[in-house]
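Working notes, beginning with the structure itself.
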Number of protein chains: 2
Amino acid sequence: MMSQHPADDAPGQRRPESDGTATRPANGVHAPRQRVSMADVARHAGVSSQTVSRVSNGYPGVVDSTRQRVLAAMRELGYRPNSAARALKSGEFRTIGVILFTLATTGNVRTLEAITTSAAREGYAITIIPVAVPTQDGVHGAFTRLGELAVDAVIVIMEVHLLDTSTVTLPPGVPVVVVSADAGDRYSVVDTDQADGTRQAVRHLLDLGHRTVWHVAGPEESFAAGHRADTWRAILESDGRPVPPMLRGDWSTESGYQAGLQLLRESGCTAVFVANDQMALGVLRAFHEGGRRVPHDVSVVGFDDIAEASSFIPPLTTVHQDFTETGHRCVEGVLRQMRTDAPERGTTLVPTWLVPRASTAPPPA
Amino acid sequence: MMSQHPADDAPGQRRPESDGTATRPANGVHAPRQRVSMADVARHAGVSSQTVSRVSNGYPGVVDSTRQRVLAAMRELGYRPNSAARALKSGEFRTIGVILFTLATTGNVRTLEAITTSAAREGYAITIIPVAVPTQDGVHGAFTRLGELAVDAVIVIMEVHLLDTSTVTLPPGVPVVVVSADAGDRYSVVDTDQADGTRQAVRHLLDLGHRTVWHVAGPEESFAAGHRADTWRAILESDGRPVPPMLRGDWSTESGYQAGLQLLRESGCTAVFVANDQMALGVLRAFHEGGRRVPHDVSVVGFDDIAEASSFIPPLTTVHQDFTETGHRCVEGVLRQMRTDAPERGTTLVPTWLVPRASTAPPPA
DNA sequence: GGATGCGATGTTTACGTAAACATGGATTAG
DNA sequence: CTAATCCATGTTTACGTAAACATCGCATCC
C-alpha cells in the first residue's frame with residue numbers, strides 16, 4: 001500500500017520513508033548517539049540546569065567560579081546544546097531559508113554566498129530550499145522545509161510567480177524578501193538597479209558612436225531579464241534609434257553562443273548588450289569563430305561582472321552587480337521584519353556601475 | 001560588560017546578541033506568530049492529538065473518514081508541523097550540514113548543488129556552514145550549526161586539516177563524508193578519480209606528440225591540486241620525459257592568467273595541463289594576448305568540464321568530473337552511516353573522463 | 001541592628017511532538 | 001454465545017531547554 005491518499009499534498013503530510021523497511025538501525029545495540037543534556041552537565045558540575053542554561057547563553061548573573069565549573073563540566077562531557085529544544089522553547093530557529101531554482105547561474109550563487117556570509121555574521125544559518133517546478137524531472141515529494149515550521153524567514157531568489165506552480169508554497173506569516181523579481185506589491189524586494197545598469201551599458205555603446213545596440217535577453221520568465229530588455233528598448237526609442245529584433249537566451253553560455261551565431265548573420269550589428277556575462281561568453285565565442293573581431297568589428301557589453309569576465313577574450317566590458325550588498329540587504333530585510341513583526345513591501349535598489357574593459361570600442365569606420 | 005570571559009569558545013557558548021538592545025519586538029502586542037499546534041487541530045477535528053500525529057506522518061491505522069476530517073482541520077487552521085518539536089522528540093533533524101570554505105570555485109558549487117538535490121530526494125534539507133579561517137576577515141564568533149546539535153550528518157567540501165584552524169570543529173559521533181580531500185584514514189571520502197583524470201589529460205597531450213607537458217597547479221593546501229600535480233609528475237617521470245617547473249594558482253581565473261603570462265616566456269612550452277577550467281580560462285587569455293595560438297602553438301587541457309568550457313576560445317579540452325555522482329554518493333554515504341550508526345573510512349572514487357575539444361592539437365612542426 | 005534590596009542560584013513549568021501503552025467496540029472463531 | 005482478536009482511537013509521558021518565579025544569603029542603609 002503505497003501512499004494513495006488523495007490529499008498527499010495536504011499540510012503536514014509527510015512522506016512515509018520508502019516503505020518503512022530497513023530504515024532504523026537494526027536494533028538499538030549501538031552506542032546511543034551521544035546525548036549529553038544540560039541536566040547531565042548540571043549534575044556533573046553540582047549546579048542546577050538553569051545555571052547551565054545561563055552559562056550556555058552567556059547570560060549575566062553567574063559568578064565566575066561557578067561559570068568556570070560549568071564550562072569545565074561542559075568540556076569534559078562534550079556537551080552540545082540541542083538546538084531543537086532551544087528552538088522549541090524559544091520559537092526561533094535562527095535559520096533563514098533560501099529558495100532558489102538553480103545554482104547554475106553565477107548571479108544566484110553570488111547572492112547565496114553573500115546571504116550566507118551576512119546571515120552567519122548575525123548568528124543565522126542558511127538552509128537551501130531547492131525548487132522543482134513540475135516541468136522539471138520528477139523530483140516529486142521533494143522535502144521542503146517550508147511545509148513545516150523550520151525557518152524564521154525566507155529569501156526568494158527566483159520569480160515569485162513560478163513558486164505557484166512549484167513544489168513549495170510560501171507559508172503565511174513568515175518574513176520574506178525577494179531578490180530581483182516583480183513582487184514589490186506582495187513582498188519586500190531587493191534588486192540591483194537593473195534600469196540604471198542597462199542605461200549605463202547602452203549609453204556607453206551609443207556614446208562610443210554606435211548607431212544602435214542589439215540585445216541578447218535572458219529567459220522570458222525572468223523579471224530581471226525583462227527589466228533589462230524593456231530599459232534597453234526604451235532608451236533606444238527615446239533616443240530615436242532603430243530597435244533591432246531582440247534575441248533571447250536562457251542565461252547559459254550555450255544559449256549565448258546560439259544567439260551569437262544569429263548575430264553573425266546581421267551584418268549591420270556593431271554593438272551588443274548581453275543580459276549576463278555567461279551568455280556574453282558564448283556570444284564572444286560565436287563572434288570569434290565567425291571571424292567578427294571584438295571590439296574592432298563589434299562591441300559587446302555584459303551584465304554581472306563575474307570574476308571570469310576580466311579574463312574573457314577580450315576582457316569583457318560589463319555592468320557590475322554588487323552581490324555582497326544585495327545579500328546583505330536581504331538578510332537585513334528579513335531580520336528587520338522578524339524583529340518588528342511587520343511585513344514589508346516595496347523595492348530597495350542596489351546601485352550598479354559599468355566596468356569598461358576591452359570588449360567595447362567605437363564602431364568600425 | 002562585553003563578553004570578556006576567557007572561555008568564549010567553550011562548548012555551548014553562545015554569542016549574546018549584540019548587547020541585548022532592541023533585539024526583541026518592542027513588546028508582544030503584535031499578532032503572535034501563527035501558532036497552530038496539533039492540539040489545536042485535534043480539538044478542531046474532534047480527535048486526539050495522537051490521531052493528528054498519525055495523519056501528519058502518514059501512518060496507517062486511521063480510518064479514512066477520520067483522516068479526511070483531520071486533513072480538513074489542518075487546512076482550515078493552516079497547520080504546519082513544528083520541526084523543532086519533531087526533532088526534539090525523534091532525535092533527527094532531517095538536515096545535513098555542508099561545510100565549505102567558498103562558493104567561488106565552480107567545483108564546490110556543482111558539488112553542493114548535487115548534494116542538495118540528492119538530499120532533497122531523500123527528504124533531507126541542506127544547511128550551509130561557511131567556514132572562516134583565521135586569516136580571513138574577522139567573521140569572529142560566526143554562528144555555526146555544528147557547535148550545537150542541529151544536523152544529523154556533515155559533508156565537508158574542503159581540506160579537513162584546515163578545519164583545525166577554523167571557526168568550526170567537527171563534533172564527534174556525527175556521520176561525516178569528506179569530498180576530495182586527504183582524510184581516508186579518519187573519515188569516509190568521496191573523490192573524483194583525480195589520478196585517472198590527470199593520466200588521461202597528460203596522456204592525451206603526450207599521445208598528440210608533445211615532448212612534455214607543463215602544469216598549472218591549484219593551491220598548495222588543496223589535496224586535489226596536490227594529487228593532480230603528483231600524478232602529472234609521476235607520469236612524466238615514468239615516461240622518461242623532462243619535468244618542467246610547476247606553476248601554481250589558486251583556482252581563480254586571474255591566477256591562471258598570471259601563470260599564463262609566465263608560460264609565455266617559456267618558448268619550449270607546447271602543452272599545458274591546467275588543474276581547473278577557471279584557471280585554464282586565464283591561461284587561454286594570456287596566450288591569446290601574447291600571440292601564442294591555441295591549439296596551433298600550444299595545447300591546453302583543463303579539469304572539471306564546467307558548462308562554460310565548451311565556449312572558451314577555443315573550446316576547452318578538459319577532464320569531466322561527475323559532480324552529480326559525487327554529490328549523490330556523499331549523501332548516500334552519510335545516510336548509510338546514520339542508519340547503521342557505524343562510522344566509515346576509506347575512499348570512494350568517481351570516474352572521470354576526457355572531453356576532447358578544440359584546445360589541443362599536435363605540437364607545431 | 002533590623003529592614004531592605006540585590007545578586008546568585010534553584011525549582012517549576014510549558015513548548016509541540018510521537019512513542020508506548022491503554023481502551024473499547026466490532027468481528028470472528030469455536 | 002462467548003472468548004479471543006484486532007483495529008481505531010485515546011491517554012500518558014518524555015524529549016532538552018529557558019522563561020518565570022522562588023529562595024537564600026549577604027551587604028547596605030539609616
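The figures that follow rest on heavy atoms only: side chains count, while hydrogens, waters and symmetry mates do not.
- Here the straight-line distance linking atom CD1 of A/Ile129 with atom CD1 of A/Ile155 works out to 10.5 Å at 0.5 Å rounding.
- A donor-acceptor contact shorter than 3.5 Å is absent between the side chain of B/Ser56 and the backbone of B/Val52.
- Distance A/Met38 CE to D/dT17 C1': 6 Å, rounded to the nearest Å.
- Rounding to the nearest 0.5 Å places CZ of A/Arg329 at 11.0 Å from OG of A/Ser188.
- To the nearest 0.5 Å, the span separating CD1 on B/Ile96 from SG on B/Cys330 amounts to 9.5 Å.
- Computed from coordinates, the A/Lys89 NZ to D/dA18 C1' distance equals 5 Å when rounded to whole Å.
- The phosphate of C/dC15 has neither OP1 nor OP2 within less than 4.0 Å of any side-chain N or O from B/Asn82.
- As a whole-Å value, the separation of A/Asn57 CG from C/dT9 C1' is 16 Å.
- Residue B/Arg54 places its side chain closer to D/dG10 than to any other of D/dG10, C/dT17, D/dT17.
- Note that NE2 of A/His44 and CE of A/Met74 are 13.0 Å apart. Values are rounded to the nearest 0.5 Å.
- In this structure, A/Val52 reaches neither bases nor backbone, as no heavy-atom distance under 4.0 Å exists between it and the strands shown.
- Residue A/Thr95 holds its OG1 atom at 6.5 Å from CG of A/Asp152, rounded to the nearest 0.5 Å.
- Among the atoms of the strands shown, only primed sugar atoms or phosphate atoms (P, OP1, OP2) are found under 4.0 Å from some heavy atom of A/Thr51.
- Listed in residue order, the members of residues 40-48 of chain B having a heavy atom less than 4.0 Å from DNA chain C come to none.
- With rounding to whole Å, B/Arg94 atom CZ is found 12 Å from C/dA18 atom P.
- The CZ atom of B/Arg86 sits 16 Å away from the C1' atom of C/dC15 (whole-angstrom rounding).
- Position along DNA chain C of the nearest nucleotide to A/Leu88 versus A/Val63 favours A/Val63 as the more 5'-ward residue.
- Proximity of a side-chain donor or acceptor of B/Arg94 to a complementary backbone N or O of B/Glu122 within less than 3.5 Å is detected.
- The distance from atom CD of A/Gln50 to atom P of D/dA19 is 7 Å, rounded to the nearest whole Å.
- Summarising the geometry, the separation between CD on B/Glu92 and C1' on D/dC15 is reported as 14 Å, rounded to the nearest angstrom.
- OP1 or OP2 of D/dT9 lies within a sub-4.0 Å distance of a side-chain N or O belonging to B/Thr66.
- Picking from D/dG16, C/dA19, C/dT17 the nucleotide with the shortest atom distance to the side chain of B/Tyr59 gives C/dA19.
- The distance from atom OH of B/Tyr79 to atom C1' of C/dG16 is 8 Å, rounded to the nearest whole Å.
- Listed nucleotides D/dA18, D/dG16, C/dA18 differ in distance to A/Ser53; the shortest reach to its side chain belongs to D/dA18.
- When each of B/Val62 and B/Ala85 is assigned the nucleotide of DNA chain D bearing its nearest heavy atom, the one mapping closer to the 5' terminus is B/Val62.
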